[in-house]
Amino acid sequence: GQKRMKYSRPRGTRDILGNDMEVWKRVEKQLAAIMEGYGYHEIRTPIFEESDLFIRSVGETSDIVSKEMYTFSDRKGRSLTLRPENTAPVMRAYLENGLQREGGITKFYYIGPMFRYDKPQAGRYRQFHQIGAEAIGSSNPVVDAEIIDISIRLHREIGLDSLTVRLNSVGCLECRNSFLGILRKELELHRDQLCEDCKIRAEANPLRVLDCKNCVDLRVELPVITDYICDRCREHFDTLTGILQGMNIDYELDPYLVRGLDYYTRTAYEIIHSELGAQNALCGGGRYDGLAEELGGGSIPAVGFSAGLERMVEVLDQSRLRSGTGPVRVYFVVFNSACSVPAMLMAGELRENGVESSVDLSLRNVKKQLRTASREGYDYAVFMGDNELEAKEAVVKDLKQGTQENVSFERISEYFDKEGVEEVD
Ligand code: HAM
């Protein structure tokens, strides 16, 4: 009998292939184009970084650092971590490459895998992908508005609506500290009502109690951070909401939104989608004016967001994926092995002219080869048999129309030299 496969994917990871891969590529391409359209440039940082980078930035008591990091030592005993997020790496790269000397606002975007030892469930994986943007170098609330605007555009572009923007201000390092004192005292009074996790959080990271799903009932009795933020944070927040209204961007104020990463100052926001259930955040972000300093740089304000690609792809309305014109795609049906090389040479010639050509080297019967060509959505099949080689004339079948004609080898490049065909979804 057949041998049993010994290996399977690590828990919480996925293979992307087949039609899913096509969807992913198209989504990634469209989203990257939007980023470029706003003047953001791609940055690629390493998949792993010094563990300390995340401990310092995301925060020792955060869920991410305390229980979700993939940390390992290399052969020299250095502690490294697969990136659980990319804001800290981007800021590290900004500082390390001396970009603050250029002044102005540096605008980066990225797309790629992140790793968190999360409990796998719908919309939650251990390797997942984010697209994100970071605007570094300005404290102006207009930049917060641009970031929020981009993140909404990304979701709209791929056909997602019923989006809600939830917005809050978590204050700056000073005003937050005084709020934390008040919150701690208040939590002490309600200690019996806290869930087990929050009993610990109440001391170590009291803000996190505010967005705990188990402790929602208690929230109404707790102080609200926006009542305690300082005048400058208040002004920043009011200016931002004014700009959003001016840009016709709807939002809901959510005084309990605090985000799971410690680097946030002032603006914190999420975009949620009604269909996503418990894991309903498509995207999250905010301002992190203290991060550069925390990493040993100067005082450099910044704001950004990241969106989870798995969640976007799960809810996206595929019928609304914009179809464009793609290259002509040709499939060479090869009758026997003597015809393989001539087919490959001709396919090479077509590729030079921008035609996508694939040669079937399976030596299966013609019918099976044609079935593959149709299933994979090729526009044309070119038959390559002994007769065709002898006559120096190929039989070309239009797979969409079902029509067929003879085209001499000399004319074949010219024959496919068309503007491109409509892509059908
Ligand atoms: P985050 O809220 O931790 O923020 O993640 C952003 C998004 O990544 C989430 O809204 C979700 O869509 C996706 N995501 C997170 N964890 C998982 C998971 N285990 N499986 C699938 N998707 C997931 C950040 O990462 C910040 N770096 C955002 C930011 C950028 N703040 C400022 N700049």
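Counting starts at 1 for both ligands and their atoms, in listed order.
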J.: Examine Ile64 against ligand 1 and note whether any of their N/O atoms are separated by less than 3.5 Å.
T.: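 There is no such contact.
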
J.: Can Asp289 and Arg287 be counted as an ion pair, charged N to O under 4.0 angstrom?
T.: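 Here Asp289 pairs with Arg287 in a salt bridge, since their nearest N and O are under 4.0 Å apart.
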
J.: Step through the shown structure and confirm whether more than 12 heavy atoms of other residues, nucleotides or ligands are within 6.0 Å of CG on Asn177.
T.: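 Counting other residues, nucleotides and ligands, CG of Asn177 exceeds 12 neighbours.
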
J.: Show, in sequence, the C-alpha distance, side-chain angles and deciding distance for Gln127 and Tyr70, and conclude whether the side-chain hydrogen bond (donor to acceptor under 3.5 Å, both in side chains) test is met.
T.: CA-CA 10 Å; Gln127 171 168 345; Tyr70 281 92; over 6 Å; no

J.: Just by distance, do the side chain of Glu85 and the backbone of Thr87 share a donor-acceptor pair under 3.5 Å?
T.: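 Yes, because the side chain of Glu85 sits within donor-acceptor range (under 3.5 Å) of the backbone of Thr87.
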
J.: Glu85 versus ligand 1: do any nitrogen or oxygen atoms come within less than 3.5 Å of each other?
T.: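 N/O-N/O distance under 3.5 Å: yes.
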
J.: In Å and rounded to the nearest 0.5 Å, what is the NE2 to CD1 distance from His155 to Ile34?
T.: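 Between His155 NE2 and Ile34 CD1, I get 10.0 Å after rounding to 0.5 Å.
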
J.: Less than 3.5 Å between some nitrogen or oxygen of Glu134 and one of ligand 1, yes or no?
T.: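 It does: an N or O of Glu134 is found under 3.5 Å from an N or O of ligand 1.
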
J.: Does Arg266 reach the main-chain N or O of Phe237 with its side chain, forming a donor-acceptor pair under 3.5 Å?
T.: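 Flag not set: sc Arg266 to bb Phe237 has no pair under 3.5 Å.
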
J.: So, do Tyr263 and Tyr288 have ring centers that fall under 6.0 Å from each other?
T.: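 Yes, they do, as the ring centres are separated by less than 6.0 Å.
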
J.: Can you tell me which residue and heavy atom of the protein come closest to atom 4 (O) of ligand 1, and the distance to 0.1 Å?
T.: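 Sorting protein heavy atoms by distance from atom 4 (O) of ligand 1 puts Arg259 NH2, 3.0 Å first.
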
J.: Does the distance from a Lys or Arg side-chain N to an Asp or Glu carboxylate O, for Glu376 and Arg329, drop under 4.0 Å?
T.: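 No, this pair does not count.
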
J.: Identify, by atom number and element, the atoms of ligand 1 in contact range of Tyr288, meaning under 4.0 Å from any of its heavy atoms.
T.: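 Under 4.0 Å from Tyr288, ligand 1 has these atoms: 32 (C), 33 (N).
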
J.: Show me which atoms of ligand 1 lie under 4.0 Å from any heavy atom of Thr87.
T.: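 Counting from 1, the qualifying ligand atoms are 26 (C), 27 (N), 29 (C), 30 (C), 31 (N), 32 (C), 33 (N).
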
J.: Which ligand 1 atoms are under 4.0 Å away from a heavy-atom of Cys283?
T.: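 Under 4.0 Å from Cys283, ligand 1 has these atoms: 10 (O).
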
J.: Using non-hydrogen atoms of the residue, decide whether Arg126 is closer than 4.0 angstrom to ligand 1.
T.: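 It does not; every heavy atom stays at 4.0 Å or beyond.
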
J.: Please list the nearest protein heavy atom to atom 14 (N) of ligand 1 with its residue and the distance rounded to 0.1 Å.
T.: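 Answer, as residue, atom name and distance: Phe128 CE1, 3.5 Å.
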
J.: Taking the six-membered ring of Tyr117 as reference, does the NZ or CZ atom of Arg126 fall below 6.0 Å from its centre and within a 45° cone about the axis?
T.: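 Here Arg126 passes the 6.0 Å and 45° test against Tyr117.
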
J.: How far is atom 26 (C) of ligand 1 from its nearest protein heavy atom, and which residue and atom is that?
T.: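 Ranked first by proximity to atom 26 (C) of ligand 1 is Tyr263 OH, 3.3 Å.
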
J.: Is any N or O atom of Gly308, backbone or side chain, closer than 3.5 Å to an N or O atom of ligand 1?
T.: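 Indeed, backbone or side chain, Gly308 has an N or O that close.
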
J.: Going by an N to O cut-off under 4.0 Å, is there a salt bridge joining Arg56 and Asp52?
T.: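 No, no charged N to carboxylate O under 4.0 Å.
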
J.: Tell me, which protein residue and heavy-atom name are nearest atom 32 (C) of ligand 1, and how many Å apart are they?
T.: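 Among all protein heavy atoms, the one nearest atom 32 (C) of ligand 1 is Gly304 O, 3.3 Å.
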
J.: Going by heavy atoms, is Gly123 under 4.0 Å from ligand 1?
T.: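 Gly123 counts as a contact of ligand 1 under the 4.0 Å cut-off.
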
J.: Which residues pass the side-chain contact (heavy atoms from CB on, under 4.5 Å) test with Ser337, not counting sequence neighbours?
T.: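 If we apply the side-chain contact (heavy atoms from CB on, under 4.5 Å) test to Ser337, skipping adjacent residues, the hits are Ser340, Leu363.
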
J.: Decide if atom CD of Glu42 counts as having more than 12 heavy atoms of other residues, nucleotides or ligands within a radius under 6.0 Å.
T.: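 Check passes, neighbour count above 12.
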
J.: List every atom of ligand 1 that sits less than 4.0 Å from any heavy atom of Leu282, numbering the atoms from 1 in the order shown and giving each element.
T.: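 Matching atoms, with element in brackets: 10 (O), 12 (O).
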
J.: What I want to find out is whether Glu235 reaches Arg232 closely enough, with some N-O distance under 4.0 Å, to be called a salt bridge.
T.: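 Judged by the 4.0 Å cut-off on N to carboxylate O distance, Glu235 and Arg232 do not form a salt bridge.
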
J.: Counting each atom of ligand 1 from 1 as listed, which ones have a heavy atom of Gly284 under 4.0 Å away?
T.: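 Contacts of ligand 1 toward Gly284, numbered from 1: 10 (O), 28 (C), 29 (C).
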
J.: How far is atom 11 (C) of ligand 1 from its nearest protein heavy atom, and which residue and atom is that?
T.: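 Protein heavy atom with the smallest distance to atom 11 (C) of ligand 1: Arg311 NH1, 3.4 Å.
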
J.: Among protein heavy atoms, which sits nearest to atom 28 (C) of ligand 1, and what does the distance come to when rounded to 0.1 Å?
T.: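 For this ligand atom, the closest protein heavy atom is Ser306 OG, 3.0 Å.
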
J.: For Gly132, is the nearest heavy atom under 4.0 Å from an atom of ligand 1?
T.: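 Distance cut 4.0 Å: Gly132 fails for ligand 1.
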
J.: Which atoms of ligand 1 sit under 4.0 Å from any heavy atom of Tyr264?
T.: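 Numbered from 1, ligand 1 contributes 26 (C), 28 (C), 29 (C), 31 (N), 32 (C).
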
J.: Could you tell me whether Tyr125 and ligand 1 have an N or O pair separated by under 3.5 Å?
T.: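 Yes, there is a polar N/O contact under 3.5 Å.
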
J.: Hey, mind stepping through Lys185 and Glu188 against salt bridge (charged side-chain N to carboxylate O under 4.0 Å, His left out) and telling me if it holds?
T.: CA-CA 5 Å; Lys185 272 201 201 116; Glu188 197 49 51; over 6 Å; no

J.: Which part of Arg116 is near ligand 1, with near meaning a heavy atom under 4.0 Å away: side chain, backbone, both or neither?
T.: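 Near ligand 1, Arg116 shows its side chain, while the N, CA, C and O stay back.
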
J.: Just distances here: any N/O of Ala133 and N/O of ligand 1 closer than 3.5 Å?
T.: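 Ala133 vs ligand 1: no N/O contact under 3.5 Å.
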
J.: Could you tell me whether a side-chain N or O of Glu134 sits under 3.5 Å from a main-chain N or O of Ala302, the two making a donor and an acceptor?
T.: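 No; zero donor-acceptor contacts below 3.5 Å.
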
J.: If the cut-off is 4.0 Å to any non-hydrogen atom of Leu261, which atoms of ligand 1 fall inside it?
T.: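 Going through ligand 1 atom by atom, the ones under 4.0 Å from Leu261 are 3 (O), 4 (O).
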
J.: Is the closest heavy-atom distance from Gln130 to ligand 1 below 4.0 Å?
T.: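 Yes, Gln130 has a heavy atom closer than 4.0 Å to ligand 1.
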
J.: Numbering the atoms of ligand 1 from 1, which are under 4.0 Å from a heavy atom of Ala281?
T.: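 Once the distances to Ala281 are compared, the set is 10 (O), 11 (C), 12 (O).
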
